[in-house]
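Note that the structure is predicted; figures quoted are calculated from it, not measured. Just so we're on the same page: letters track the sequence lines, and every chain starts at 1.
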Amino acid sequence: MLRIHDTAARALRDFEPRIPGQVSMYVCGPTPYDVPHLGHGRTAVVFDVVRRYLAWRGDRVTFVSNVTDIEDRIIARAAERGTTESDLARHYEDVYWEQLDRLGVLRPDEMPHATEFVPQMQTLIAELIAAGRAYVIEGSGVYFQVETLPEYGRLSHRTFAQLVESAGARIEVDDEKRSPVDFALWKAAKPGEPSWESPWGPGRPGWHIECSAMSLDILGEEFDLHGGGDDLVFPHPENEIAQAEGAGHHFARYWLHSGMVMVSGEKMSKSLGNFTFLADAIDAHGPRAFRWLVVQHHYRNQLEINDDALRAAAAAIDGFDALARRARAAGITATPAGALSAEVGRFVAAMDDDFDTPNAVAVIAGWRRDANSALDAGRLDEAAALLATVLHALDALGIALDDGAGTADGRDEIDALVQRRTDARAAQDWAAADRVRDELSALGVVLEDTPTGTIWHRA
RNA sequence: GGCGGCGUAGCCGAGUGGCUCAGGCAAGGGCCUGCAAAGCCCCGUACGCGGGUUCGAUUCCCGCCGCCGCCUCCA
């Protein structure tokens with residue numbers, strides 16, 4: 001039984017989807033006004049692993065993740081650049097997916113854009129007004145009246161009273177709002193801003209309404225999982241709940257939130273200026289190192305990411321690749337289908353415990369060692385089964401191994417050089433053999449002598 | 001001020017009232033190897049501090065110290 005830490009319950013809960021065997025999942029996606037940083041990458045990988053694992057264990061998963069393509073920052077950035085909001089958003093959405101593709105993050109089944117769901121948002125806003133939970137301020141917009149919803153704050157565990165008390169310190173007090181805690185559902189258009197017609201005048205949606213409207217429209221009432229970064233818990237998903245439940249809808253059943261990426265002990269954020277571009281980290285250490293680093297840590301904890309950490313993760317991945325290469329050299333062809341079910345059970349037990357990837361990874365590391373031992377001892381069937389188990393489990397984590405078979409570039413030339421060295425070694429001409437190895441090294445090729453011959457891979 | 005999380009060996013990081021054990025990376029020793037690479041084996045007696053409960057606490061309780069996040073920009 002899979003157990004999930006639910007933010008609303010602040011506890012582990014048995015996961016029972018709305019429809020057995022089918023999981024509906026919504027994750028708050030990006031506001032594409034700039035290139036993605038490490039934090040975006042981590043969150044995307046975390047929920048990609050959740051999605052993959054659910055599918056891997058046999059559930060049919062419908063994964064929806066939105067793109068907020070109209071929002072204050074997009075408007076501001078577009079104005080700065082002298083371009084349109086839609087061109088800017090589309091550009092950065094492309095950049096975002098370019099990087100996530102490299103990380104092996106699967107595309108959502110549906111990727112709704114806010115600008116495509118304005119009618120659904122307006123319907124929801126109208127429902128909220130009809131329910132007496134929202135009010136119009138002429139020339140300003142439509143606001144959600146938080147006080148009308150006693151359950152408000154059940155996700156982030158704070159009360160209306162607490163919020164009112166701490167308001168003012170950070171919230172710009174707007175005298176027109178009935179309470180500083182009330183938030184915008186619909187913002188009246190300012191000159192030059194993109195806008196849509198509405199019963200409340202031309203304007204655009206508030207930040208939170210899109211996710212309520214789109215998730216309900218696509219996944220339906222009471223969908224299973226809602227995910228996002230934990231800095232969003234308040235206010236965004238809190239307000240999503242308010243908007244949906246305030247209008248009488250049943251909203252998400254389980255709430256998952258992933259921890260922040262840290263830099264030198266501080267949260268990575270644009271305002272601190274301490275962010276690293278995701279693309280740079282992937283360029284420097286490879287996409288699998290990034291993913292490995294993420295799954296080595298529990299998704300709810302903060303995670304420090306720096307070059308040293310990525311280097312260590314890359315070294316671990318290299319070790320797995322080395323196993324795959326050795327196995328191939330020994331004539332083993334392992335596929336996930338050959339996995340040892342009893343061993344897989346240990347992996348499942350870890351993953352079922354709130355996606356405990358650190359323990360899952362430890363289990364896999366044990367198989368790696370055992371597979372290498374089996375290879376050393378010439379127990380090829382055992383090695384094949386263990387490697388198959390490794391591959392099967394890594395599948396769930398979205399990691400593939402490189403056994404070197406696909407390295408086609410310059411292959412013939414390298415093979416010829418390797419053969420020359422093999423001949424020299426056979427003649428015990430070590431100096432000549434080492435010269436060839438130096439040549440290959442200059443080409444970025446690393447040799448490994450195995451009982452069944454010499455294999456090589458790119459450095 | 002309110003709410004929450006964390007402090008574990010050189011670094012990262014799971015976990016548990018006692019049992020040999022996480023795991024990764026790095027360092028050291030050994031085996032293998034012409035050398036190298038890869039691999040395997042061995043090695044580390046760690047749990048912020050002070051009390052308490054207990055036969056026994058890193059694990060439970062209380063207090064303290066330190067770090068971090070959220071409290072309407074944020075993944």
Side-chain angles (χ1 to χ4, degrees), chain A residues 7 10 27-31 36-44 46-47 71-73 153 156-159 161-163 165-167 169-172 180-184 207-208 227-236 238-239 257-262 265-272 275 292-293 296-298 300-304 306 308-309 311-319 321-323 325-326 329 350 356-366 368-377 425 428-431 433-434 437 441 446-451 454-457 459:
Chain A
T7 304
R10 276 187 180 162
V27 173
C28 291
T31 300
H37 59 59
L38 300 182
H40 297 104
R42 185 201 188 182
T43 302
V46 162
F47 289 106
E71 201 263 350
D72 292 2
R73 289 165 296 168
S156 56
H157 300 94
R158 57 200 75 188
T159 63
Q162 285 174 329
L163 287 163
E165 200 177 320
S166 63
R170 295 188 47 157
I171 310 171
E172 206 177 316
V181 178
D182 293 351
F183 58 91
W207 174 33
H208 316 293
D230 77 5
D231 56 344
L232 259 45
V233 171
F234 190 90
H236 182 61
E238 190 68 65
N239 290 348
H257 290 95
S258 60
M260 293 292 101
V261 169
M262 310 296 281
E266 280 188 313
K267 177 181 160 183
M268 173 170 293
S269 69
K270 301 260 167 164
S271 48
L272 285 170
F275 54 88
W292 189 254
L293 183 62
Q296 271 188 308
H297 299 78
H298 191 87
R300 281 192 279 117
N301 292 158
Q302 298 176 341
L303 168 59
E304 181 85 23
N306 53 46
D308 283 347
R311 237 190 313 275
I317 287 289
D318 284 345
D321 282 346
L323 168 62
R325 286 195 303 272
R326 299 183 73 203
D356 185 358
T357 54
N359 271 119
V361 156
V363 170
I364 297 171
R368 170 190 150 191
R369 188 192 55 239
D370 293 344
N372 273 314
S373 292
L375 278 175
D376 284 346
R425 292 179 73 218
Q428 301 206 351
D429 183 352
W430 309 126
D434 290 348
R437 185 167 57 203
S441 174
V446 180
L447 300 181
E448 293 168 18
D449 295 328
T450 78
T454 299
I455 60 178
W456 58 269
H457 66 97

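- Within the 4.0 angstrom heavy-atom criterion, only backbone atoms of the sugar-phosphate kind lie near A/Val446; the bases stay farther away.
- In this structure, A/Glu238 contributes its side chain and A/Gly153 its backbone to a donor-acceptor pair below 3.5 Å.
- Counting any heavy atom pair closer than 4.0 Å across all strands shown, A/His236 reaches no nucleic acid atom.
- Put simply, the side chain of A/Thr43 gets close to the backbone of A/Gly39: a donor and an acceptor are under 3.5 Å apart.
- Rounded to the nearest Å, the gap between the C1' atom of B/U58 and that of B/A37 is 40 Å.
- In RNA chain B, runs of at least 3 stacked Watson-Crick or G-U pairs (N1-N3 plus N6-O4 or O6-N4, or N1-O2 plus O6-N3, all under 3.5 Å) give these stems: B:1-7 with B:65-71, B:10-12 with B:23-25, B:28-31 with B:39-42, B:48-52 with B:60-64.
- Residue A/Trp207 places at least one side-chain N or O under 4.0 Å from the OP1 or OP2 atom of B/C74.
- Atom CG of A/Asp230 is separated from atom P of B/C70 by 8 Å (rounded to the nearest Å).
- The two atoms that bring A/Pro358 and A/His298 nearest to each other are CG-N, 3.4 Å, heavy atoms only.
- Between A/Asp376 and A/Arg326, at least one side-chain nitrogen of the basic residue sits less than 4.0 Å from a carboxylate oxygen of the acidic one, meeting the salt-bridge criterion.
- B/A57 and B/C70 are spaced 38 Å apart, taking the P atom of each and rounding to whole Å.
- Residues passing the ring pair (Phe, Tyr, Trp, His ring centres under 6.0 Å) test with A/Phe275 are A/Phe277, sequence neighbours excluded.
- Within 4.0 Å of A/Met268, counting heavy atoms only, lies at least one base atom of the nucleic acid.
- Among residues two or more places apart in sequence or in another chain, the side-chain contact (heavy atoms from CB on, under 4.5 Å) test is passed with A/Ala459 by A/Val446.
- If you check distances only, the side chain of A/Asn306 never reaches the base of B/C12 with a donor-acceptor pair under 3.5 Å.
- B/G44 and B/G29 are spaced 13 Å apart, taking the C1' atom of each and rounding to whole Å.
- Closest-nucleotide positions on RNA chain B for A/Leu447 and A/Asp231 were compared, and the one nearer the 5' end corresponds to A/Leu447.
- Separating the P atom of B/G15 from that of B/G34 is a span of 45 Å, rounded to the nearest Å.
- Regarding A/Phe183, its CZ atom lies at a distance of 14 Å from the P atom of B/U72, rounded to whole Å.
- Among B/C73, B/G39, B/C12, the nucleotide with an atom closest to any side-chain atom of A/His297 is B/C12.
- For the pair A/Trp456 and A/Arg325, the tightest heavy-atom approach, listed with the atom from each and the gap, is O-CD, 4.2 Å.
- Computed from coordinates, the A/Glu448 CD to B/A38 P distance equals 7 Å when rounded to whole Å.
- The residue A/Gly229 sits close only to the backbone: its heavy atoms come under 4.0 Å of sugar-phosphate atoms, none of a base.
- Rounded to an integer number of Å, the gap from CD of A/Glu238 to C1' of B/C71 is 11 Å.
- Between the side chain of A/Glu304 and the main chain of A/Gly265, a donor-acceptor pair closer than 3.5 Å is present.
- Annotation: B/G10 and B/C73 have their C1' atoms spaced 39 Å apart (nearest Å).
- With sequence neighbours left out, A/His297 forms a side-chain contact (heavy atoms from CB on, under 4.5 Å) with A/Leu293, A/Leu303.
- B/G18 and B/U33 have their C1' atoms separated by 45 Å, with the value rounded to a whole Å.
- At whole-Å resolution of the value, CG in A/Asn372 and P in B/G39 are 6 Å apart.
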Across nucleotides 20-26 of chain B, 5' to 3', mark each nucleotide with B, S or - according to how protein heavy atoms within less than 4.0 Å reach it. --BSSS-
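- Residue A/Leu232 is in sugar-phosphate contact alone, with no base atom involved, counting any heavy-atom pair closer than 4.0 Å across all strands shown.
- Judged by atom type and distance alone, A/Arg437 reaches the base of B/C35 through a side-chain donor-acceptor pair under 3.5 Å.
- Distance, A/Glu304 CD to B/G69 C1': 14 Å, rounded to whole Å.
- For the P atoms, the distance linking B/U72 with B/C62 amounts to 30 Å, nearest Å.
- The heavy-atom pair separating A/Lys267 from A/Met262 by the smallest distance is N-CE, 3.5 Å.
- Nearer the 5' end of RNA chain B, as judged by each residue's closest nucleotide, is the contact made by A/Asp449, out of A/Asp449 and A/Cys28.
- No contact: A/Val46 has no heavy atom under 4.0 Å from any strand.
- Put simply, NE2 on A/His298 is 8 Å from P on B/A14, counting in whole angstrom units.
- Closest heavy-atom contact between A/Ala329 and A/Ile455: CB-CG2, 3.3 Å.
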Determine, for nucleotides 1-11 of chain B in 5'-to-3' order, which nucleotides have protein heavy atoms under 4.0 Å from the base (write B), from only the sugar-phosphate (write S), or from neither (write -). -SSS-------
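- Between A/His208 and A/Phe183, the angle of the ring planes goes over 60°, which puts this pair in the perpendicular group of the 30/60° scheme.
- Heavy-atom minimum distance, A/Cys28 versus A/Leu232: CB-CD2, 4.3 Å.
- Here, B/A22 and B/C49 have their C1' atoms 26 Å apart, quoted to the whole Å.
- On a pure distance criterion of 3.5 Å, no polar donor-acceptor pair joins the side chain of A/Lys267 and the base of B/C68.
- Across every non-hydrogen atom of A/Ser258 and A/Phe47, the tightest pair is OG-CE1, 3.8 Å.
- As a whole-Å value, the separation of A/Leu323 CG from B/A37 C1' is 15 Å.
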